[in-house]
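One structure is given here, and the rest of the page talks about it.
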Amino acid sequence: MNGEPIRIIRGRGGQVEVEGAVDAFAASVLARAGFDTYPTLRGVWIRLPFDLGRTWENEHASWAAEMLTAARYHVDLDQD
């Protein structure tokens, strides 16, 4: 863990995604909350599956934030 927060945000396309310093443990917590990880040219893209409804997305994003906070990560959860 470093000082950079993990940010859970709603992206420009409406998807819920994660930005920031995500280590292996944080990635496993996010996977437990339903987030998928995809390799990209600049690292990885961590997001919730598309089109499962805003309520489902918000519940899983909040659950992930709660679990990460309990594990002593600094988390910024987007209000949207």
Side-chain angles (χ1 to χ4, degrees):
M1 289 183 282
N2 65 22
E4 184 182 353
I6 296 173
R7 292 174 302 285
I8 301 174
I9 63 170
R10 190 167 297 278
R12 290 182 297 181
Q15 72 280 2
V16 176
E17 55 190 26
V18 177
E19 295 178 346
V22 178
D23 60 19
F25 182 75
S28 69
V29 170
L30 290 164
R32 176 77 173 116
F35 284 80
D36 295 326
T37 302
Y38 299 94
T40 67
L41 293 175
R42 292 186 279 164
V44 295
W45 183 30
I46 303 172
R47 66 166 175 85
L48 285 174
F50 292 124
D51 298 330
L52 293 176
R54 200 169 188 91
T55 301
W56 186 92
E57 292 170 348
N58 289 344
E59 288 172 354
H60 282 73
S62 295
W63 184 33
E66 290 170 8
M67 288 191 291
L68 288 167
T69 300
R72 305 191 89 163
Y73 287 90
H74 178 73
V75 180
D76 290 337
L77 180 61
D78 187 8
Q79 292 178 353
D80 190 32

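Note that these values count all heavy atoms, side chains included, but never hydrogens, waters or copies made by symmetry.
- Across every non-hydrogen atom of Val44 and Thr40, the tightest pair is N-OG1, 3.8 Å.
- Nearest approach of Ile6 to Ala21, heavy atoms of both residues: CG1-O, 3.4 Å.
- Listed here is the closest heavy atom pair of Glu57 and Pro49: OE2-O, 4.0 Å.
- Taking CG of Asp36 as the start and CZ of Phe50 as the end, the distance is 9.5 Å to the nearest 0.5 Å.
- For the residue pair Trp45 and Glu17, the shortest heavy atom distance occurs at NE1-OE1, 2.8 Å.
- Of the inter-residue distances, the one linking Leu77 atom CG with Arg7 atom CZ reads 12.5 Å to the nearest 0.5 angstrom.
- Note that the CZ atom of Arg47 and the OG1 atom of Thr37 stand 10.0 Å from one another [nearest 0.5 Å].
- Between the CH2 atom of Trp63 and the CG atom of Leu30 there is a distance of 11.0 Å, given to the nearest 0.5 Å.
- Inter-residue side-chain proximity for Asp76 and Ile9 is flagged as unmet; no heavy-atom pair is nearer than 4.5 Å.
- Side-chain contact check for Val16 versus Phe35: some heavy-atom pair is nearer than 4.5 Å.
- The aromatic rings of Phe25 and Tyr73 lie parallel to each other, with less than 30° between the two planes, well short of the 60° mark.
- Between Ala61 and Leu48 the shortest heavy-atom distance is N-CD1, 4.3 Å.
- Residues Val29 and Ala64 come closest through the heavy atom pair CG1-O, 4.5 Å.
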